[in-house]
Amino acid sequence: MMRQAGRYMAVYRKLAEKYPSFRERSETTDLIVEISLQPWEAFNPDGVIIFSDILTPLAAFGIPFDIEEVRGPVIHAPIRSEEGLKALHPIDLEKLHFVGESLRILRHEVGERAAVLGFVGAPWTIATYIVEGCTTRTYTTIKSICHTAPHVLRALLSHLVQAISEYIVFQVESGAHCIQIFDSWGGQLPPDMWERWSKPYIVEIVSIVRKKCPKTPLVLYINGNGGLLERMKETGVDVIGLDWTVDMEDAKKQLGNDISVQGNVDPAYLFSPLPALTDEIERVVKCAGPRGHILNLGHGVLVGTPEEAVAHFFDIARNLKFDPPVEDHALGEAKLVV
């Protein structure tokens, strides 16, 4: 479940009172492990996701940042010129030792009972923070640079490809079974712009990782990806994450059966009566079919989500069973029964 650990859990909020700095919580091995295991111990999901952030590796290749309680991520020296590019250097994985240590511990803790999941941000999405300097709703600065200083943006994205690729391999070698690539803000680009400014860099990452970690599944998620599904498939990833605005059945038809999908229950359903949540989970699973589907939310768990609804989500998921297709002799078609 995306954003599986976090503020909706009382046990997390209690720990956050003791350690109020998000960066301390996400960059201290003992705290990372404890927080990562909180939802696994409470709900027994199939995956344990390392508690981290897509911006965590920035300082390891030359971009200091803060995460403020109200404003969120803040980069005090955004890169918008050739001069700014001089701050960049190859990623120093020693500065991310807490990620490697945490993954090794998590792998040991869960054994074969769950998959250990790592994640990274895609180059375009990471670049939006580096160029804008903070979270934005309009992306006007970076979209402008696409036209006014494309060479600067290309250089930044190319640097991010190398850093992110090394970071993925580092996570896998430290114990991650699977990696999700978040191009969270890729959906803010028109499809032709995503084709130019995001897709090639994701393709390059996939190619590099495939050579070094050929058996590691890669998931690609974009928020607002309805117009990008076929383009996402062309990146070469194993799984396409769907947000909740995409119809699961339509997406499966569009993508075909040779790639898996993940998603895509609307996180707001976890605020609904439990029978309504059950119906929606069953609908999504039925539309996805019996193969190649990872049940998940279509975006992260929302703050304030009732913990009993999260528990219900996993309980329903564990108890859903697909019967073998039953031949309908009248119609001559196989029917799927959940």
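All values derive from a computational prediction rather than experimental measurement. In what follows, every heavy atom counts, from backbone to side chain, and hydrogens, waters and symmetry copies are set aside.
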Pair Asp183-Ser198, side-chain donor/acceptor within less than 3.5 Å: yes
Shortest non-hydrogen contact from Arg318 toward Phe43: NH1-O, 3.0 Å
In residues 220-233, what donor-acceptor pairs under 3.5 Å come from side-chain atoms, sequence neighbours left out?
unit_1, atom_1, unit_2, atom_2, d
Tyr221, OH, Gly298, O, 2.6
Asn225, ND2, Ile222, O, 3.3
Asn225, ND2, Gly241, O, 2.6
Arg231, NE, Glu195, OE1, 2.7
Lys233, NZ, Leu255, O, 2.5
Lys233, NZ, Asp258, OD1, 2.7
Lys233, NZ, Asp258, OD2, 3.4

Interatomic distance, His159 atom NE2 to Ile164 atom CD1 [nearest 0.5 angstrom]: 9.5 Å
Check: Ser144 main-chain N/O paired with Thr148 side-chain donor or acceptor under 3.5 Å: yes
Validation row: Leu297, Trp244 side chains within 4.5 angstrom (heavy atoms): no
ring-ring contact (aromatic ring centres under 6.0 Å, His included) between Tyr167 and Phe61, worked out: CA-CA 11 Å; Tyr167 188 41; Phe61 54 83; 9.0 Å; no
Backbone N/O of Trp40 and side chain of Asn44: donor-acceptor pair under 3.5 Å: no
Heavy-atom pair with the smallest gap, counting every atom of Ile32 and Ser26: CD1-O, 3.3 Å
Thr125 side-chain N/O to Gly121 backbone N/O, donor-acceptor pair under 3.5 Å: no
Lys212 side chain reached by Glu173 side chain, heavy atoms, under 4.5 Å: no
Within-4.5 Å side-chain heavy-atom neighbours: Pro45 and Gln4: yes
Verdict with reasoning, Val265 to Phe313, per side-chain contact (heavy atoms from CB on, under 4.5 Å): CA-CA 10 Å; Val265 175; Phe313 181 99; 4.1 Å; yes
Residues Lys286, Asp279; criterion salt bridge (charged side-chain N to carboxylate O under 4.0 Å, His left out); working and verdict: CA-CA 10 Å; Lys286 184 176 181 181; Asp279 290 345; over 6 Å; no
Least distance between heavy atoms, Pro39 atom then Tyr8 atom: CB-OH, 4.2 Å
Can you give each donor-acceptor pair under 3.5 Å made by side-chain atoms of residues 107-116, sequence neighbours left out, with the distance rounded to 0.1 Å?
unit_1, atom_1, unit_2, atom_2, d
Arg107, NE, His177, NE2, 3.2
Arg107, NH1, Gly175, O, 2.8
Arg107, NH2, His177, NE2, 3.3
Arg113, NE, Val110, O, 3.2
Arg113, NH2, Glu109, O, 2.6

Working for side chain to side chain donor-acceptor pair (under 3.5 Å), residues Arg25 and Tyr12: CA-CA 10 Å; Arg25 296 194 298 274; Tyr12 174 86; 3.0 Å; yes
Asp247: partners by side-chain contact (heavy atoms from CB on, under 4.5 Å), with sequence neighbours left out: Glu249, Asp250, Arg283
Any side-chain heavy-atom pair of Phe119 and Val219 under 4.5 Å: no
Minimum side-chain heavy-atom gap Thr135-Pro73 below 4.5 Å: yes
Donor-acceptor under 3.5 Å (Thr305 side chain, Val301 main chain): no
For the student: nearest non-hydrogen atoms of Thr138 and Thr136, plus distance: N-OG1, 3.1 Å
Shared hydrophobic cluster for Val209 and Val239 (ILVMFWY, side-chain gaps under 4.5 Å): no
Student check: side-chain heavy atoms of Asp243 and His299 closer than 4.5 Å: no
Interatomic spacing from CG in Leu58 to CG in Leu160 - rounded to 0.5 Å: 7.5 Å
From Thr140 atom OG1 to Lys143 atom NZ, the distance as rounded to the nearest 0.5 Å: 9.0 Å
Any side-chain heavy-atom pair of Val284 and His293 under 4.5 Å: yes
Rounded distance [0.5 Å steps], CG in Leu93 versus OG in Ser174: 8.5 Å
Main-chain N/O of Glu132 paired to Arg80 side chain as donor or acceptor, under 3.5 Å: yes
Leu153 side chain reached by Ile142 side chain, heavy atoms, under 4.5 Å: yes
Exceeds 12 heavy-atom contacts within 6.0 angstrom, atom CG of Asp192: yes
Cation-pi check, Arg23 onto Phe65 ring (under 6.0 Å, within 45° of axis): yes
CZ/Arg7: more than 12 non-hydrogen atoms of other groups inside 6.0 Å: no
Donor-acceptor contact below 3.5 Å, side chain Arg210 vs main chain Gly236: yes
Donor-acceptor contact present, side-chain Asp66 to main-chain Glu68, <3.5 Å: no
Between CZ on residue Arg104 and OG1 on residue Thr29, distance to nearest 0.5 Å: 9.0 Å
